[in-house]
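What's counted below: heavy atoms across the whole structure, side chains too, no hydrogens, waters or symmetry copies.
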Amino acid sequence: MAAPSDFKPIIVGFLCNWCCYGGADLCGVSRFQYPPYLRVIRLMCSGRVDLEFIFRAFAKKADGVFIGGCHLGDCHYNPEGNYDALGNSMVAKRILENVGVNPDRLRLEWVSAGEGIRFAEIMNEFGAKIKALGLFGYSEGRDVADLQDGLEAATQMVPYIKLVERERFRVPKRTEDGYREFFAREDYNVLFKDLVLDKLAMSRIMGALRQGLASTEEVAQKLGLEPAEVARHMHLLSQQGVVKIDGSHVRAAIAA
Ligand code: FES
């Protein structure tokens with residue numbers, strides 16, 4: 001694995017056409033310098049950045065993902081597409097952390113079309129951050145294939161996560177502070193674990209079992225979870241008849 005100083009990061013940048021892309025353009029025209037790590041994908045609004053885009057970018061071994069939108073209140077659609085981007089980035093960070101990817105690899109910023117210098121400053125800072133974190137999987141200390149499996153499981157769950165977000169995670173105050181307060185709330189965290197993270201863990205356990213792993217310890221090591229947590233999920237899965245556990249309660253196989 002390359003040392004952090006030896007590699008040139010790949011950062012996938014989803015930029016809103018109306019503001020951040022304009023800021024990046026102005027940055028280039030003005031010849032402000034920033035490292036050439038960014039691969040730009042231009043979208044009409046930061047709210048278009050689906051959770052799936054983020055997980056897929058990392059699954060394809062992007063070292064960082066950047067989302068750039070209009071300042072809050074300036075979104076051209078809805079007019080609150082960038083609040084959706086804010087909520088998505090908070091949900092994505094939590095899921096990335098859960099599957100073992102350092103959430104600092106994802107960054108969301110608001111940049112107007114007149115803020116070329118700000119765009120350069122952010123890219124310099126984020127580029128340095130990702131370079132310090134190293135190649136995807138480096139700071140995580142995890143096997144890249146295992147991280148990709150976790151991201152694939154998260155991607156499969158995106159339609160379900162969107163449904164849960166719509167039905168159970170409505171942010172009452174459409175302000176930046178309102179979002180931060182909501183996502184820090186204890187009741188939200190309990191519900192998020194119950195409705196999303198536990199289901200994701202079970203899905204990942206099923207994936208590990210399909211790959212032939214059979215003991216709680218093996219599965220826990222592959223997924224980066226505590227053995228006790230894996231055992232708890234295996235027990236629930238066996239109650240649902242999805243897996244079989246032998247008499248010693250340490251081995252499991254996919255039910256016929
Ligand atoms: Fe730029 Fe929505 S149009 S964030």
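- Pairing each heavy atom of Ser46 with each of Ile67, the nearest pair is CB-CG2, 4.1 Å.
- With ring centers used as reference points, Phe126 lies 6.0 Å or more from Tyr37.
- Both Val158 and Val12 sit in one connected hydrophobic cluster of ILVMFWY residues. Membership requires side-chain heavy atoms under 4.5 Å apart, directly or through other members.
- Looking only at side-chain heavy atoms (C-beta outward), Asp74 and His71 come within less than 4.5 Å of each other.
- Looking at Gln33 and Asn124, their side chains never bring a donor and an acceptor atom within 3.5 Å of each other.
- Nearest heavy atom pair, residue Ala120 against residue Cys27, reads CB-SG, 3.6 Å.
- With rounding to the nearest 0.5 angstrom, the CG atom of Asn98 is 5.5 Å from the CG atom of Leu200.
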Met157 vs Ile95, test: side-chain contact (heavy atoms from CB on, under 4.5 Å). Steps then yes/no.
CA-CA 11 Å; Met157 278 186 61; Ile95 291 173; over 6 Å; no

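- At most 12 heavy atoms of other shown residues, nucleotides or ligands fall within 6.0 angstrom of atom CD in Gln221.
- Between Ile205 and Met234 there is a side-chain heavy-atom pair separated by less than 4.5 Å.
- Between the side chain of Lys93 and the backbone N or O of Leu106 there is at least one donor-acceptor pair closer than 3.5 Å.
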Apply the test ring-ring contact (aromatic ring centres under 6.0 Å, His included) to residues Tyr34 and Phe119: give CA-CA distance (whole Å), side-chain angles for both, the deciding distance (0.1 Å), then the verdict.
CA-CA 9 Å; Tyr34 65 90; Phe119 183 82; 5.5 Å; yes

side-chain contact (heavy atoms from CB on, under 4.5 Å) between Cys75 and Glu80, intermediate numbers included:
CA-CA 6 Å; Cys75 177; Glu80 296 177 334; 5.9 Å; no

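- Taking each heavy atom of Gly47 and Asp84 in turn, the nearest pair found is CA-CB, 4.3 Å.
- Taking both residues in full, the closest heavy atoms of Leu72 and Glu176 are given as CD1-OE1, 3.4 Å, listed atom of the first, atom of the second, then distance.
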Under the side-chain contact (heavy atoms from CB on, under 4.5 Å) criterion, do Leu43 and Leu15 qualify, and how do the steps go?
CA-CA 6 Å; Leu43 300 168; Leu15 308 188; over 6 Å; no

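- The line from CD1 of Ile54 to CG of Leu108 is 9.0 Å long, rounded to the nearest 0.5 Å.
- Counting only heavy atoms from C-beta outward, the side chains of Asp63 and Phe58 never approach each other to under 4.5 Å.
- For the residue pair Asp146 and Arg142, the shortest heavy atom distance occurs at CB-NH2, 4.0 Å.
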Determine whether Arg105 and Glu140 satisfy the following criterion, salt bridge (charged side-chain N to carboxylate O under 4.0 Å, His left out), listing intermediate values before the conclusion.
CA-CA 11 Å; Arg105 292 183 181 276; Glu140 288 81 358; 2.7 Å; yes

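- A salt bridge links Arg232 with Asp198: at least one charged nitrogen is closer than 4.0 Å to a carboxylate oxygen.
- Between the side chain of Glu97 and the backbone N or O of Arg94, no donor-acceptor pair lies under 3.5 Å.
- The number of heavy atoms from other shown groups lying within 6.0 Å of NZ (Lys129) does not exceed 12.
- Under the 6.0 Å cut-off for aromatic ring centres, Phe66 and Phe14 do not qualify, their centroids lying 6.0 Å or more apart.
- Other residues, nucleotides and ligands place no more than 12 heavy atoms under 6.0 Å from the CD atom of Glu226.
- Here the straight-line distance linking atom OG1 of Thr155 with atom CZ of Phe53 works out to 11.5 Å at 0.5 Å rounding.
- Checked against His76 for a side chain to side chain contact (heavy atoms under 4.5 Å, CB included), the options Cys45, Cys16, Cys70 give a single hit: Cys70.
- Under the 4.5 Å side-chain criterion, counting only non-hydrogen atoms from C-beta, Leu237 is not in contact with Ile245.
- In this structure the side chain of Lys173 reaches within 4.5 angstrom of the side chain of Glu181, judged on heavy atoms.
- Here the NZ-CG distance, from Lys162 to Asp50, works out to 3.5 Å after rounding to the nearest 0.5 Å.
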Worked verdict on Leu51 versus Ile161 for side-chain contact (heavy atoms from CB on, under 4.5 Å)
CA-CA 9 Å; Leu51 286 173; Ile161 296 168; 3.8 Å; yes

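- Screening Tyr83, Phe169, Tyr188 for a ring pair (Phe, Tyr, Trp, His ring centres under 6.0 Å) with Tyr179, the sole residue that qualifies is Tyr83.
- Asn102 places no side-chain N or O within 3.5 Å of a backbone atom of Leu133 that could act as its donor or acceptor partner.
- Ring planes of Tyr77 and Trp18: tilted class, angle from 30 to 60°.
- A donor-acceptor pair under 3.5 Å is absent between the side-chain atoms of Ser30 and the main chain of Phe32, judged by distance alone.
- In summary, the side chains of Gln148 and Glu152 do not present any donor paired with an acceptor at a separation below 3.5 Å, with no hydrogens or angles considered.
- By the rule that hydrophobic residues join a cluster once side-chain heavy atoms approach within less than 4.5 Å of another member, Val91 and Tyr160 end up as members of one cluster.
- Annotation: the span from Glu218 atom CD to Leu209 atom CG amounts to 10.0 Å, rounded to 0.5 Å.
- Rounded to the nearest 0.5 Å, atoms CZ (Arg185) and CZ (Arg180) are 16.0 Å apart.
- Judged purely by atom type and a 3.5 angstrom limit, Asn88 uses its side chain to pair as donor or acceptor with the backbone of Val49.
- More than 12 heavy atoms of other residues, nucleotides or ligands shown are found within 6.0 angstrom of CZ on Arg107.
- When all heavy atoms of Pro159 and Gln156 are compared, the closest pair comes out as CD-O, 3.6 Å.
- Between Arg168 and Leu191, some side-chain heavy-atom pair lies under the 4.5 Å cut-off.
- Note: the hydrophobic cluster containing Leu163 does not contain Phe55 (ILVMFWY, side chain heavy atoms under 4.5 Å, direct or indirect links).
- At least one side-chain heavy atom of Val101 sits under 4.5 Å from a side-chain heavy atom of Phe136.
- One hydrophobic cluster, built from ILVMFWY side chains closer than 4.5 Å, holds both Val164 and Phe182.
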Hey, mind stepping through Arg170 and Glu165 against salt bridge (charged side-chain N to carboxylate O under 4.0 Å, His left out) and telling me if it holds?
CA-CA 7 Å; Arg170 291 236 179 93; Glu165 270 187 295; over 6 Å; no

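- By the 4.0 Å N-to-carboxylate-O rule, Asp149 lies too far from Arg204 to be salt-bridged with it.
- For Arg118 (side chain) and Trp110 (main-chain N/O), a donor-acceptor pair under 3.5 Å exists by modelled atom type.
- Transitive grouping of hydrophobic side chains (ILVMFWY, heavy atoms separated by less than 4.5 Å) keeps Ile130 and Ile10 in distinct clusters.
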